[in-house]
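Predicted model only: the values in this text are computed from it and were never measured.
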Amino acid sequence: MQLAIGEVAKQSGVSVRAIRHYDRHGLLTSKRACNGYRYFPPQAVTQVRQIQRLINIGFSIAEICSFPDCMLMVEGAAFCPETQALQHKRLEDIERQISELESRRVRLMATLAEGIVK
């Protein structure tokens, strides 16, 4: 049984546009009917949910494309050892961003404090 793109969107809670984007990048496999409509295998729903999970963690589409298929085929799949270096890099990037934001916050608070009339 194949699913129309709208059904994949409905079951996964993701927009049709996002599903087309994932399909275009090779993260999903669709077949075209003679009318041009895309049809997906039932496991596409799980794949879309897993892709969303990885995006929400902070990985880019390009990074997700480099992940082993086993990480995309099982919803909530554990990260494979092959992706550990990328995971650590992502964590370092997030930690750096948090540090930069905290520095900006401190500077803004100081600026605001200087503007208070005593």
In this structure, CZ of R20 is separated from NE2 of H25 (nearest 0.5 Å) by 15.0 Å
When you look at CZ of R105, are more than 12 heavy atoms from neighbouring residues, nucleotides or ligands closer to it than 6.0 Å? no
Tell me, do R38 and K31 make a side-chain contact under 4.5 Å, heavy atoms counted? no
Nearest heavy atoms of V16 and G6, plus distance in Å: CG2-CA, 4.2 Å
Is it true that the side chains of E7 and Q11 contain a donor and an acceptor less than 3.5 Å apart? yes
Share the residues that join L101 in a hydrophobic cluster, the rule being Ile, Leu, Val, Met, Phe, Trp or Tyr side chains under 4.5 Å apart at the heavy-atom level. none
Can you tell if the side chain of R17 reaches within under 4.5 Å of the side chain of H21, non-hydrogen atoms only? no
Under a 4.5 Å cut-off applied to non-hydrogen side-chain atoms, are I51 and L28 in contact? yes
For residues L27 and Q47, report the shortest heavy-atom separation together with the two atoms involved. O-NE2, 3.6 Å
Return yes if some donor-acceptor pair links the side-chain N/O of S99 with the main-chain N/O of E95 below 3.5 Å, else return no. no
Is the shortest side-chain heavy-atom distance between Y22 and I55 below 4.5 Å? yes
L54 and L86: same hydrophobic cluster, using ILVMFWY side-chain contacts below 4.5 Å? yes
Counterpart residues, ring-ring contact (aromatic ring centres under 6.0 Å, His included), relative to F40 (two or more places apart): none
With rounding to the nearest 0.5 angstrom, report the CD to CD distance, E100 to E102. 12.0 Å
ILVMFWY cluster, I64 and I57 together (side-chain gap under 4.5 Å): yes
Looking at E92 and R96, is any side-chain nitrogen of the basic one under 4.0 Å from a carboxylate oxygen of the acidic one? no
On a heavy-atom basis, which atom in S15 and which in A9 lie closest, and how many Å separate them? C-CB, 4.2 Å
Between P42 and L3 the two heavy atoms that sit nearest each other are CA-CD1, 3.8 Å
Side chain to side chain donor-acceptor pair (under 3.5 Å) involving E63 - partner list, sequence neighbours excluded: S60, R90
Quick one: are I5 and S30 in side-chain contact, heavy atoms under 4.5 Å? no
Is N56 reaching over with its side chain to a backbone N or O of Q52, donor-acceptor style, under 3.5 angstrom? yes
Residues Y39 and A33: closest non-hydrogen pair is CE1-CB, 3.6 Å
How many angstroms lie between CD in Q87 and CZ in F67, if you round to the nearest 0.5 Å? 7.0 Å
Check V48 against S12 and note the closest heavy-atom contact, atom names and distance. CG1-OG, 3.5 Å
Nearest-0.5 Å distance that lies between atom OG1 in T29 and atom CD in Q43: 8.0 Å
